[in-house]
2 protein chains.
Amino acid sequence: MKASTRFSDSIHILAFINIYQGNLPLTSNNIAASIGTSPVMVRRLMSQLRKAGLLNTVHGAAEPTLAKKPADISLYDVYLAAEDGAPLFTIDRKTNPQCIVGGNIQETLGEVYHEAEVAAEARLSRTSLQDIIDSIQVKQAKKNAR
Amino acid sequence: MKASTRFSDSIHILAFINIYQGNLPLTSNNIAASIGTSPVMVRRLMSQLRKAGLLNTVHGAAEPTLAKKPADISLYDVYLAAEDGAPLFTIDRKTNPQCIVGGNIQETLGEVYHEAEVAAEARLSRTSLQDIIDSIQVKQAKKNAR
DNA sequence: TTATTTGTAACTTAATAAATTACAATAAAG
DNA sequence: CTTTATTGTAATTTATTAAGTTACAAATAA
């Protein structure tokens, strides 16, 4: 399938809101222009972030605010909101149950895939939105210094 | 996108060959019937496994053999062969370089995503094809005992 | 020879991420 | 109040790509 950028775009939205708060109208249009996507996609993602308790929005007004401090939002929180916790590896569900391999491999792979996913998720949990914002600002400062 | 099952199907192929060697003709047709896919897809995946040095095949003869001992083939080896090392997380490449966020977030996310991927890959590296085969056999034995 | 199978290319189908269009609901400015 | 801007969401279209299908040359083996 076409690979989803919902996770990356959702982090982008949250970082944008934090960085440009008070300096720019935080409309879905302005945010979309920074991401390079459509305002509708931005509003859809913001809707999911709001439902996940990461963002506050006001219907009709361009005043989104983070629902938590950036240090208290992990990338895993954002992943859960944006991709609905989609698994990183895909089990083939069409295997033949009459066959020793086909009849057991789904459960076997499910166990291993889960452990690999937990390892990745643990790493995402250790990085906060604040870390991302800091990294963006440092990279920008280096550009400005040149 | 439609999620790829190439990784799972490739593990299936290798386990099938090891388990049914000598008991069943190892044709792409028989393997495909166990996976629930087409013989062409099986041959395509076997071709990639051969190029990765995991499998030996004979043009015209249904005699594939593992190129290494199952204990010496890790799931990460198979992942590299099957998915060509595709990243687990997707960076949005269309972000606006004029914006502080859009101009720096790709590099920032690239660093974090890479670390999360390394964590998952490390876990896959710790599981061998032999572990998968053992797990399948144990699950089957439990079914037979009922 | 003849039948079987692999290996691969070309094309089609199906699934789905994102874009687009449309519009009701809300907010805010004058 | 009325007008304008905006959010929130549904419905539809477009684009991408994984998998399926068809076709056939090349190799094997009976």
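Numbered from 1 within each chain, the chains take letters A, B, ... in sequence-line order. Keep in mind that what you see is a predicted model, and the values were worked out from it rather than measured.
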Measure CG/A/Asp84 against P/C/dT16 and give the value in whole Å, please. 14 Å
For B/Leu124 and B/Ser74 the tightest heavy-atom approach is O-CB, 4.2 Å
Side-chain heavy atoms of B/Gln137 within contact of A/Asn104, under 4.5 Å: no
So do B/Leu26 and B/Thr65 actually touch side chain to side chain, heavy atoms under 4.5 Å? no
Distance, rounded to the nearest Å, where B/Gln48 contributes CD and C/dT8 contributes C1': 12 Å
A/Ser47, nearest nucleotide to its side chain (from D/dT6, C/dA19, D/dT9): D/dT9
Describe the nucleic acid contact of A/Ser38 in one word from base, sugar-phosphate, nothing, applying a heavy-atom distance below 4.0 Å. base
Once you round it to whole Å, what is the distance between P of D/dT7 and CD1 of A/Ile17? 10 Å
Can a side chain N or O of B/Thr57 be found less than 4.0 Å away from OP1 or OP2 on C/dG7? yes
Please determine, for the side chain of A/Arg44, which listed nucleotide (D/dA29, D/dT7, D/dA10) has the closest atom? D/dA10
For A/Arg6 and for B/Glu63, locate the closest nucleotide of DNA chain C by heavy-atom distance; then report the residue assigned to the nucleotide nearer the 5' terminus. B/Glu63
Ignoring backbone atoms, establish whether A/Ser28 has a side-chain N or O less than 4.0 Å from OP1 or OP2 of D/dT7. yes
Any base atoms under 4.0 Å from A/Ile35, or only sugar-phosphate, or nothing? Heavy atoms, all strands. nothing
Nearest-nucleotide pick for B/Met41, side chain only, options being C/dA19, D/dT7, D/dG20: D/dG20
Nearest-angstrom distance from the residue atom CG of A/Leu45 to P of C/dA19: 10 Å
In whole angstrom, give the distance that lies between atom CG of A/Asn29 and atom P of D/dG8. 14 Å
D/dG20 phosphate, OP1 or OP2, under 4.0 Å from B/Thr37 side-chain N/O: yes
In whole Å, I'd like the distance from the CG atom of B/Leu49 to the C1' atom of C/dT6. 15 Å
Rounded to the Å, how far apart are B/His59 NE2 and C/dT8 P? 8 Å
Output the single nucleotide from C/dT6, D/dA29, C/dA27 whose closest atom is nearest the side chain of B/Ala61. D/dA29
Answer yes if the ring centres of A/Tyr76 and A/Phe7 are under 6.0 angstrom apart, and no otherwise. no
Given B/Thr127, which partner from the list B/Val78, B/Ile11, B/Leu75 fulfils the side-chain contact (heavy atoms from CB on, under 4.5 Å) test? B/Leu75
When all nucleic acid strands are considered with a 4.0 Å heavy-atom cut-off, which category describes A/Val40: base, sugar-phosphate, or nothing? base
A/Phe89 and A/Tyr113 aromatic ring geometry - parallel, tilted or perpendicular at 30°/60° bounds: tilted
Is any side-chain N or O of B/Arg50 closer than 4.0 Å to OP1 or OP2 of C/dG7? yes
Using the side-chain heavy atoms of B/Lys94, tell me which of these nucleotides is nearest: C/dT8, C/dA19, D/dT7. C/dA19
Would you indicate which nucleotide in D/dT7, C/dT20, C/dA18 comes nearest to any side-chain atom of A/Ser4? C/dA18
Within this structure, what is the CZ-to-C1' distance between B/Arg93 and C/dA17, rounded to whole angstrom? 18 Å
